[in-house]
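To find a chain, count down the sequence lines: A is the first, B the second, and so on, and within it residues start at 1.
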Protein chains: 2
Amino acid sequence: MSVKPEGAREANLDHKLSTLLFEHFQVERRNWSSACHEHGITLPQAHLLRLLRTGRPVKMNGLAEALDCDASNVTGLVDKLETRGFIQRQSAPGDRRVKMIALTKEGQLFRAKLWSQLTQPAPSLTALPLADKQTLLRIVQAMIRSESKS
Amino acid sequence: MSVKPEGAREANLDHKLSTLLFEHFQVERRNWSSACHEHGITLPQAHLLRLLRTGRPVKMNGLAEALDCDASNVTGLVDKLETRGFIQRQSAPGDRRVKMIALTKEGQLFRAKLWSQLTQPAPSLTALPLADKQTLLRIVQAMIRSESKS
DNA sequence: ACGCAACCATTGACAATGGCAACTATCGAT
DNA sequence: ATCGATAGTTGCCATTGTCAATGGTTGCGT
């Protein structure tokens with residue numbers, strides 16, 4: 001016992017931090033979701049929209065992989081966004097199997113509007129002191145880096 | 001133009017940070033979800049379980065409020081967890097309308113097991129240097145505080 | 001004591017998400 | 001030419017989540 005008390009304290013810190021994040025994300029998710037609903041779409045649809053950049057169509061499979069979900073799920077999401085007129089299925093030049101998903105003019109506009117709202121209304125975030133924001137940015141980037149490696 | 005360039009830079013920082021968090025949480029959520037599924041429950045059910053402490057029953061309405069969702073939704077979640085034997089509906093002493101939800105012996109055990117897994121497997125988090133963890137903890141706590149005030 | 005509004009939990013109906021299996025069309029390699 | 005692999009779609013199912021409506025219960029005002 002009492003081997004490495006700092007180690008134990010650090011493990012405890014991990015635990016507390018994970019719990020807080022788990023808790024906090026649940027709340028944040030609701031905020032994001034309701035922001036999306038104000039614009040007439042849903043959170044998963046917004047995540048799909050997030051992956052699309054102007055002039056850079058992505059194939060269905062690429063979306064499925066990026067969203068880490070089944071391809072059939074993407075079909076449904078694309079259906080809805082296409083009905084709304086925000087994206088369109090294009091045929092790929094070399095392969096008639098693949099469909100490239102591209103933002104429409106309307107979609108670009110909508111995406112920009114949605115995004116400015118979606119990335120701003122976290123008062124809990126904007127209220128942070130500048131130094132904390134910079135630190136947080138650095139930490140989150142480190143976390144994402146270590147995540148994509150696994 | 002060129003009014004408060006630092007202000008503009010800070011707004012840009014907010015934007016970048018929000019985007020990263022939005023992106024990162026999507027990934028983290030998948031990890032949590034699959035961890036839950038390994039234990040045979042789902043993420044929303046885990047969130048409900050999170051709210052229950054041994055010896056501290058919570059009424060349905062309290063759960064609905066804490067989860068920020070419709071009461072009818074809670075009914076369904078409680079149904080499933082009760083079927084699994086993790087929780088049970090108790091009648092409240094003073095009011096025959098309310099039902100208190102309490103952890104069973106099995107539920108306590110399960111919750112502990114689930115929790116130790118759920119709060120640990122974020123390698124992107126445990127890999128952070130100690131100082132970053134402490135800073136992150138402080139920041140997240142500040143964010144949660146500012147959130148509950150709104 | 002009576003009536004009535006408010007409250008708690010549940011139910012039913014509905015849309016959206018997400019996973020799995022089956023299917024069609026297409027490609028690529030042999 | 002054939003065969004296995006790949007891309008996207010479809011159907012089916014379980015779960016989540018919201019809304020409206022219901023039954024039972026409470027508490028208050030009169």
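Taking the nucleotide of DNA chain D with the nearest heavy atom to each of A/Asp95 and B/Gly76, the more 5' of the two is matched to A/Asp95.
For B/His37 and D/dT15, the NE2 to P distance is 10 Å, given to the nearest whole Å. Rounded to whole Å, the distance from CD on B/Gln90 to P on C/dA9 is 13 Å. Here the P atom of nucleotide C/dA9 and the CD atom of B/Glu82 are 13 Å apart, to the nearest Å. Rounding to whole angstrom units, CG of residue B/Asp79 and C1' of C/dT11 are separated by 10 Å. If you take CG of A/Asn73 and P of D/dG11, they are 16 Å apart, rounded to a whole angstrom. Atom pair A/Gln26:CD and D/dT16:P shows a separation of 12 Å (rounding to whole Å applied). Rounded to whole Å, the distance from CD1 on A/Ile101 to P on D/dG8 is 8 Å. Following rounding to the nearest Å, B/Lys59 (NZ) and D/dT25 (P) show an atom-to-atom distance of 16 Å.
The listed nucleotides are C/dC20, D/dT16, C/dC27; the one nearest the side chain of B/Thr42 is D/dT16. Listed nucleotides C/dA6, D/dT10, D/dT16 differ in distance to A/Ser72; the shortest reach to its side chain belongs to D/dT10. Distance from the side chain of B/Leu77 is smallest to D/dT16 among D/dT9, C/dA9, D/dT16. Proximity note for A/Arg30 (side chain, C-beta onward) versus C/dA25, D/dG17, C/dA6: the nearest is D/dG17. Distances from the side chain of B/Pro44 to the nucleotides D/dG17, D/dC19, C/dG19 place D/dG17 closest.
Ion pair B/Asp79/B/Arg89 flagged as a salt bridge, since at least one NZ, NE, NH1 or NH2 atom sits closer than 4.0 Å to an Asp/Glu carboxylate oxygen.
B/Leu49 and B/Leu109 fall into different hydrophobic clusters, where Ile, Leu, Val, Met, Phe, Trp and Tyr side chains are chained together by heavy-atom contacts under 4.5 Å.
Here B/Lys99 does not reach the OP1 or OP2 of C/dC8: none of its side-chain N or O atoms lies under 4.0 Å away. Residue A/Arg96 places at least one side-chain N or O closer than 4.0 Å to OP1 or OP2 of C/dC27. Put simply, A/Lys80 has no side-chain N or O that comes within less than 4.0 Å of OP1 or OP2 on C/dA15. Distances shorter than 4.0 Å separate some side-chain N or O of B/Arg89 from OP1 or OP2 on C/dT10.
B/His39 contributes atom NE2, which lies 10.0 Å from atom OG of B/Ser34 (distance to the nearest 0.5 angstrom).
A cation-pi geometry, defined here as NZ or CZ lying under 6.0 Å from the six-membered ring centre and within 45° of its normal, does not hold between B/Arg29 and B/Trp32.
Note on ring orientation: taking the six-membered ring where Trp is involved, the planes of A/Phe22 and B/Trp115 are perpendicular (angle over 60°, cut-offs 30° and 60°).
In this structure, B/Thr75 reaches the bases: a heavy-atom distance under 4.0 Å links it to at least one base atom across the strands shown. Here A/Asn61 lies in heavy-atom contact (under 4.0 Å) with sugar-phosphate atoms only.
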